[in-house]
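Comments concern the structure below.
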Amino acid sequence: MFVLAFSLIPLFSDAYAHSMFNSAEESLGGYRVQVATLPEFPQIGEKSQILFRVGDSDLKEVDHFTMGIRFFYNDKQVDAIEPQLHQGGHYQLDYVWKNSGNHVVRIDLYDMGGKPGILTYTFNMGTQSPFGYIFIIAITIGAGALGIVVTYIYLPKILRFKIKS
């Protein structure tokens, strides 16, 4: 009965894949745009990918879309990708980040659903900086310290239990 109860839990809850650090989504004008970077923390001067997904308000991918992209750093536009027609709901862009820190990426969708006009979605995207390494190292050290403390507390109790048995 216990196993049956736990096997039914997925029927009553939603499961989501890992959301990457440099990922976001925004809904506007009946459409939803999702973005993410690979790797999660792009390195300065190295090629990374920006992944785009365009869907409608019912979370279904669109058949095609025309999209332009503008990159801003310190409130100044540093790069732009001319509007292009893309088939399907996905698009991947190889991109080399030139500056460390936070970038504002504006995605412009043109003439969606046959209606003239531009829908602009705004996203913050970060690149790897020395603080990114410090963040990762701090989490690793914290997890290691927790493991050592838990082992120090529970390992003697486990060993004593096995010796008594």
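Below, each value reflects all heavy atoms present in this structure, side chains not excepted, and no hydrogens, waters or symmetry copies. Quick caveat, the model's predicted, so the values are computed rather than measured.
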Exercise: identify the closest heavy-atom pair between [X] and [Y]:
{"X": "Leu59", "Y": "Arg53", "result": "O-NH2, 3.4 Å"}
{"X": "Pro83", "Y": "Thr66", "result": "CB-CG2, 4.1 Å"}
{"X": "Pro42", "Y": "Trp97", "result": "CB-CD1, 3.3 Å"}

Using only atom types and a distance under 3.5 Å, with no angle test, would you say the side chain of [X] pairs donor to acceptor with the backbone of [Y]?
{"X": "Asp111", "Y": "Gly117", "answer": "yes"}
{"X": "Thr127", "Y": "Asn99", "answer": "yes"}
{"X": "Tyr73", "Y": "Gly101", "answer": "no"}
{"X": "Asp58", "Y": "Lys60", "answer": "no"}

Is there side-chain contact between [X] and [Y], with heavy atoms separated by less than 4.5 Å?
{"X": "Arg70", "Y": "Ile81", "result": "no"}
{"X": "Val33", "Y": "Leu109", "result": "yes"}
{"X": "Glu61", "Y": "His90", "result": "yes"}
{"X": "Phe72", "Y": "Val105", "result": "no"}
{"X": "Tyr31", "Y": "Phe65", "result": "no"}
{"X": "Pro39", "Y": "Ser48", "result": "yes"}
{"X": "His86", "Y": "Phe52", "result": "no"}

Please determine whether side chain to side chain contact (heavy atoms under 4.5 Å, CB included) holds for the pair His64 and Leu85, giving the CA-CA distance in whole Å, both sets of side-chain angles, and the decisive distance to 0.1 Å. CA-CA 7 Å; His64 62 280; Leu85 177 64; 3.9 Å; yes

Is it the case that one hydrophobic cluster holds both [X] and [Y], taking links as side-chain heavy atoms less than 4.5 Å apart, direct or via other members?
{"X": "Ile69", "Y": "Ile118", "value": "no"}
{"X": "Val35", "Y": "Leu51", "value": "no"}
{"X": "Val78", "Y": "Met125", "value": "yes"}
{"X": "Val104", "Y": "Tyr95", "value": "no"}
{"X": "Tyr110", "Y": "Leu93", "value": "no"}

Would you call Glu26-Arg32 a salt bridge at under 4.0 Å N-O?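 Looking at Glu26 and Arg32, the cut-off is not met.
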
Drop me the distance from [X]'s [atom1] to [Y]'s [atom2], to the nearest 0.5 angstrom.
{"X": "Lys47", "Y": "Asp94", "atom1": "NZ", "atom2": "CG", "value": "4.5 Å"}
{"X": "Asn102", "Y": "Asn124", "atom1": "CG", "atom2": "CG", "value": "4.5 Å"}
{"X": "Ser27", "Y": "Asp56", "atom1": "OG", "atom2": "CG", "value": "10.0 Å"}
{"X": "Glu40", "Y": "Leu38", "atom1": "CD", "atom2": "CG", "value": "8.0 Å"}
{"X": "Thr37", "Y": "Ile50", "atom1": "OG1", "atom2": "CD1", "value": "7.5 Å"}
{"X": "Thr122", "Y": "Leu28", "atom1": "OG1", "atom2": "CG", "value": "9.0 Å"}

Within 45° of the axis and under 6.0 Å from the centre of the six-membered ring of Phe123, does NZ or CZ of Arg106 qualify?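 Not satisfied by the 6.0 Å and 45° rule.
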
Do the ring centers of Phe71 and His103 come within less than 6.0 Å of each other?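 No, the ring centres sit 6.0 Å or more apart.
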
Around atom CD of Gln87, are there more than 12 heavy atoms from other residues, nucleotides or ligands closer than 6.0 Å?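 Atom CD in Gln87 is crowded, with more than 12 foreign heavy atoms closer than 6.0 Å.
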
